[in-house]
Amino acid sequence: MAGEARDASAGRHERRPRDVPWWQRAVFYQVYPRSFADGDGDGVGDLAGLRARLDDLVWLGVDALWLSPFYRSPMVDFGYDVSDYCDVDPLFGTLADFDALVADAHERNLRVVIDWVPNHTSDRHPWFVDAASGRGSAHRDWYVWRDPAPDGRPPNNWVAAFDLTAPAWTFHEPTGQWYLHLFEPAQPDLNWDEPAVEAAMHDVLRFWLDRGVDGFRADVVHAIGKDPDLPDDLPEVAGIPHCALNDVPVTHERLRRIRGLLDGYPGDRMMVGEVYLLSTEAVAAYYGTGDEVHLAFNFPPLFAPWRADRWRTCIDDTLAAFGPRDAWPTWVLSNHDNPRHRTRYDRAAARAGEGASVAARRSEARARAAAVLLLTLRGTPFVYQGEELGLADAEIPEGRAVDPGGRDGCRAPLPWDDGVGHGWSGAEPWLPFPPEAGLRNRAAQAADPGSVLHLYRRLLHLRRRTPALVDGTFELLEAPAGVLAYRRSAGASTRTVLVNFTGDPQVVPPALASGTVDLASDDADGSGIFGGRLAPDQAVVLRP
Ligand code: ISL
C-alpha cells in the first residue's frame, strides 16, 4: 500500500507512517455466502455468485472481505458446524472456485479473510465420529468428556447458547459419558488441552494461508481455553450462556502461538477474534501486548441503543480499555447473529411509542446517520452485507424459520434488482427477501445518487482519501444532549463529525459550527458552509 496519500481537500501530500498495517486502514465487508449471490440457481448463495459480484464491492469501496463459513457442514448451525475444515461444501462450490475467488479478489486489491471455527466441530466430523466410537478411541481426548455427576446430572451447570434452558452437555449413551458443547449438541467442543488438537487446528490455518488468504475471523476464539476444573458458573450469572462468560488465562498462551504462526507468513496475515465477552475491558485483554489477536470484535456498541449518551459511553470505554494497550478497536453495527441495526433501532423506537408516520421518516435517516458514525470512528469498521442498502430484517413466516438461534431475519438474501427473484434467478431462495426489496435493491440504488448505497460509497471514498478519518487521532468534543461530536486529526488533515441522534433539529455551539460540509448523511449540499444547525437524525463530516 502507498506510503503517501493525498488529502484532496487539504490539497497537499501528507506522509503516512509506513508501518500502519493494512487491517488498521481497511474497511471490511462481511459476506454471508448463503445469502450474498447465487451462481448456480439453487436458491442458496455460493462462491461463484460472490465472484461474479466482486466488481460491485470494488465500486462500493471496501478493502477486505470476511467470508462466513463455506466448509463442508451438515448445516445444523449453517456452516458453524464444520465436518471438514479443508474443503468447500458442494452447496458453495469447490476448492477451485475458492482459489479463483481469491485470485480475482487479489487482482482487484480486495483482501480475503475467512472464518475459522476452532472451538467446536460438527458431530459428523470424522474426529468426533471416532471419539464417540469408544472410550479408548484415538480421538477420544480431542473432545471434552466427563463422567456423570453422582446424581446422574451433567458435570456442571454451564448453559449452552441458543436454548438457555439447555445444559452445555449431552449424555452419550453408548459410552456412558457427557460431552461438552457450548452451542448445539451437534457442535461438540474440541479439547484444546490435547496437543494434537492444537496441532491439527494449526494445520488448518496453514492449509488456507498456503492458499493465499489474508487472514481469519476466529469464531468464539476466547473459548478455546477452558478452566481445567470446569467449575460451575456463579449463581449471579445463571442463565447466561457459558460462551459469554468463558475467560481463562490458558487461552492467551494459545493465541500467542497462533499469532506466531501467522507472523511467520509473509504479507501481513491477520486474525480478527470473535471474543464474545460483553465487556470492552475483557475484550481488550485478547490483544495481549500486540502478540495475540490483531483485532477483536467489541460487542457493546452493537448492542447499544441509538442514543448519543450510550454511544459516548461505548466510545469512552473503548478509549479507556484499548488506549493503554495501544490496541486498535473495531466497530460493528450488524452481523449475521443479530437483528440488523436498522431493525433494532426501529423496534426500540416503536417500543418507545414512535408512530408509523414518524417511523417512515426516521427509519432510513437513522440508518444513514449510523453509517457516518461507523465509518468515521477511530478503528476498523466492519460492514455487514446489505447494510449498504439500508436493509431491515426479513419477516420470516411461520414454517420458514430454520436457524436454531432464531437469527434468520438478518440472513435474508440480498436483493440485486427489482425483477421477479431479485437476481436470484433459479429456485426460490432459502429465506424470504427483506422488506421493500423492490426499492431496497442493488440495481435501483445504484441508479439513484440519493440512495443509501451511494451514501456508503461516498463515505468509503471520503475515508480513503482523508488521512484524518483513517489514521487520525480521536477526540470527543462537548456537544448538546442528543448530539455526538468528535474530531479526527492526522497532521494537517482534520475532520469534525457531528451526529444528531434525535428526531429534532439541533443547534451546536459556535466552537463546533465552523467549517465546510464534506458529507451529510441526508445528502444535503455537500459543499456548503455549515451554519451550526443539524437537521433531525443528520450526521455531517466537516472540514475546517
Ligand atoms: O448468536 C448469538 C446470539 O443470537 C450469539 O450469542 C452467538 O452465539 C455468539 O456471537 C457466537 O457466535 C458465533 O459462533 C456460533 C455461531 O452460531 C455464530 O453464527 C457465530 O458468529 C457458534 O459457532
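Note that ligands are numbered from 1 as they come in the structure, with each ligand's atoms numbered from 1 the same way.
Remark: ligand 1 atoms within the under-4.0 Å shell around heavy atoms of H336 are 18 (C), 19 (O), 20 (C), 21 (O). Atoms of ligand 1 found under 4.0 Å from any heavy atom of H120, numbered from 1 in the order shown, are 22 (C), 23 (O). Atom numbering of ligand 1 starts at 1 in the shown order; those under 4.0 Å from a heavy atom of F162 are 8 (O), 17 (O).
Under the 30°/60° scheme for interplanar angles, the aromatic rings of Y143 and F128 are found to stand perpendicular. Aromatic ring orientation, H139 versus W142: perpendicular (interplanar angle above 60°, classes split at 30° and 60°). Using cut-offs of 30° and 60° on the angle between ring planes, the pair H336 and Y384 is tilted. Ring-plane geometry between Y179 and H172 is classed as perpendicular, the angle between the planes exceeding 60 degrees on a 0 to 90 degree scale with a lower cut at 30. The aromatic rings of F501 and W311 are tilted relative to each other, their planes meeting at an angle between 30° and 60°.
When heavy-atom distances to ligand 1 are checked against a 4.0 Å cut-off, F78 has no atom that comes that close, whether in backbone or side chain. The side chain of R217, and not its backbone, has at least one atom closer than 4.0 Å to an atom of ligand 1 (non-hydrogen atoms only; side chain from C-beta on).
Residue F299 places every heavy atom at 4.0 Å or more from ligand 1. Heavy atoms of R411 approach ligand 1 to within less than 4.0 angstrom.
Using a distance-only test at 3.5 Å, with no hydrogens or angles considered, no donor-acceptor pair links the side chain of D56 to the main chain of L54.
Taking only non-hydrogen atoms, the option from N119, D115, D337 nearest to atom 18 (C) of ligand 1 is D337. The residue from Y80, F297, F183, Y276 that puts a heavy atom closest to atom 8 (O) of ligand 1 is F183. With E274, E184, R407 as candidates, the residue nearest to atom 10 (O) of ligand 1 on a non-hydrogen basis is E274.
At the shortest separation from atom 13 (C) of ligand 1 among protein heavy atoms lies D219 OD1, 2.8 Å. Among all protein heavy atoms, the one lying closest to atom 17 (O) of ligand 1 is D77 OD2, 2.5 Å.
For F183 and Y80, the ring centers sit 6.0 Å or farther from each other.
No hydrogens or angles considered: a donor-acceptor pair under 3.5 Å links the side chains of Y265 and D210.
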